[in-house]
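Below you'll find the structure, written out as structure tokens, and then a few comments.
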Amino acid sequence: MIFVSALIFCVIAFGGFLYWKYSQLFPAPSSEVVQLTPEKRSVLERLRAEAKFQPHQFPPLGYTGAETPEDRVRATGAVDDVIDAVLAQPDGPVHARDVSRLIGKGMKQVFWLATEDRDRTAGYLVEVWYILGFKGPTGQFVSGSGFPKADGYSEPLPPGWIAPDRPRPIAP
């Protein structure tokens, strides 16, 4: 009985250690405050209206489109919910931590989708982050060396963006 209790304790302690190490991969969300302006609102509205999750060849990786029509609806809803929540705010200050929480909620909505669709959702949400003008980390993603970051920015450039001030064209 003591052996079983000790084994259970060790398994729980090891699981806690692994969770702690995993959580260390994610940077703390930025504490920046940016201004929501009519210009940024206009770009977000265009992104909101865009037909999302279509195939593309934007660098750094191409995308074949949503795995199923149902997945496209779910992923589009997750992105649009974040955009809608941002657009619901009046012009003026927007806090990075608030947007980070919205992005976290959006990513939870697509948790069970195919990896490629989750990655594309993350790309759209980082695009919202860049459009708003944040430079620090969202705190929601861990990025590797295959996804270049612009100097002074903590998140990789969204798919199709050439530089922080050179976004991809948003289809009407």
Side-chain angles (χ1 to χ4, degrees), residues 26-27 29-143 147 149-150 153-172:
F26 293 84
S30 173
S31 59
E32 296 170 274
V33 177
V34 297
Q35 296 294 313
L36 180 58
T37 63
E39 294 79 21
K40 291 176 184 178
R41 185 177 295 279
S42 174
V43 175
L44 288 170
E45 288 169 348
R46 284 195 348 260
L47 181 59
R48 170 73 167 80
E50 182 180 58
K52 297 172 196 64
F53 297 91
Q54 304 298 317
H56 67 71
Q57 292 302 316
F58 297 136
L61 302 172
Y63 176 65
T64 60
E67 193 168 272
T68 68
E70 295 81 13
D71 291 350
R72 177 176 288 116
V73 168
R74 176 175 288 227
T76 298
V79 173
D80 289 349
D81 287 351
V82 172
I83 295 171
D84 290 343
V86 171
L87 290 174
Q89 298 181 39
D91 285 354
V94 177
H95 296 266
R97 289 187 186 271
D98 295 337
V99 177
S100 173
R101 279 192 284 277
L102 293 171
I103 289 172
K105 288 179 184 178
M107 289 308 296
K108 285 179 184 169
Q109 292 179 37
V110 298
F111 183 79
W112 294 108
L113 297 186
T115 301
E116 189 176 59
D117 295 339
R118 287 193 317 269
D119 289 348
R120 186 64 189 110
T121 302
Y124 280 116
L125 296 177
V126 169
E127 192 165 7
V128 169
W129 188 257
Y130 267 81
I131 289 168
L132 288 170
F134 294 115
K135 293 183 176 185
T138 63
Q140 301 295 331
F141 308 112
V142 176
S143 58
F147 297 91
K149 297 178 187 176
Y153 288 78
S154 296
E155 292 293 344
L157 287 171
W161 285 52
I162 299 167
D165 59 345
R166 295 185 57 202
R168 71 175 176 87
I170 298 175

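Keep in mind that this is a model prediction, so the values were computed, not measured.
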Test log, rule side chain to side chain contact (heavy atoms under 4.5 Å, CB included), inputs Thr121 and Gln109: CA-CA 10 Å; Thr121 302; Gln109 292 179 37; over 6 Å; no
Counterpart residues, salt bridge (charged side-chain N to carboxylate O under 4.0 Å, His left out), relative to Lys52 (two or more places apart):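 Testing Lys52 for salt bridge (charged side-chain N to carboxylate O under 4.0 Å, His left out), a comparison that skips the adjacent residues, returns Asp80.
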Asp81 vs Lys105, side chain to side chain contact (heavy atoms under 4.5 Å, CB included): CA-CA, chis, key distance, verdict: CA-CA 9 Å; Asp81 287 351; Lys105 288 179 184 178; over 6 Å; no
Pro93 vs Gln35 side-chain heavy atoms within contact, under 4.5 Å: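 Yes, close enough: below the 4.5 Å cut-off.
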Beyond-backbone contact of Leu36 with Leu132, side-chain heavy atoms, under 4.5 angstrom: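 Leu36 reaches Leu132 side chain to side chain.
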Write down the atom of [X], the atom of [Y], and the distance for their closest heavy-atom approach.
| X | Y | answer |
| --- | --- | --- |
| Gly139 | Glu155 | N-OE2, 4.1 Å |
| Arg46 | Ile170 | O-CG2, 3.6 Å |
| Leu125 | Val79 | CD2-CA, 4.1 Å |
| Val33 | His95 | CG2-ND1, 3.3 Å |
| Tyr130 | Pro156 | CE1-O, 3.5 Å |
| Gly106 | Val82 | CA-CG2, 4.3 Å |

Between Glu39 and Thr37: side-chain donor-acceptor atoms closer than 3.5 Å: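 Distance-only check passes for Glu39 and Thr37.
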Distance-only polar pair, side chains of Arg118 and Thr115, donor-acceptor under 3.5 Å: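 Their side chains do contain a donor-acceptor pair, which is all the 3.5 Å distance test asks for.
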Atom [atom1] of [X] and atom [atom2] of [Y]: how far apart are they, to the nearest 0.5 Å?
| X | Y | atom1 | atom2 | result |
| --- | --- | --- | --- | --- |
| Leu102 | Gln140 | CG | CD | 10.0 Å |
| Ile83 | Arg41 | CD1 | CZ | 12.5 Å |
| Leu87 | Leu44 | CG | CG | 5.5 Å |
| Glu127 | Leu47 | CD | CG | 5.0 Å |
| His56 | Arg168 | NE2 | CZ | 7.5 Å |
| Arg120 | Thr76 | CZ | OG1 | 10.5 Å |

Would a distance-only check, ignoring hydrogens and angles, find a side-chain to backbone donor-acceptor pair under 3.5 Å from [X] to [Y]?
| X | Y | answer |
| --- | --- | --- |
| Glu32 | Gly136 | yes |
| Ser100 | Ala96 | no |
| Glu67 | Leu113 | no |
| Asp117 | Val110 | no |

Residues, nucleotides or ligands: over 12 heavy atoms within 6.0 Å of Arg74 CZ: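 Open.
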Basic-acidic side-chain contact under 4.0 Å: Arg101, Asp98: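 Here Arg101 pairs with Asp98 in a salt bridge, since their nearest N and O are under 4.0 Å apart.
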Parallel, tilted or perpendicular: ring planes of Phe53 versus Tyr63, cut at 30 and 60 degrees: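 The arrangement is perpendicular - the two ring planes meet at more than 60°.
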Residue that, paired with Trp129, satisfies ring pair (Phe, Tyr, Trp, His ring centres under 6.0 Å) out of Phe134, Tyr124, Trp161: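 For Trp129, the ring pair (Phe, Tyr, Trp, His ring centres under 6.0 Å) test succeeds with only one of Phe134, Tyr124, Trp161, which is Phe134.
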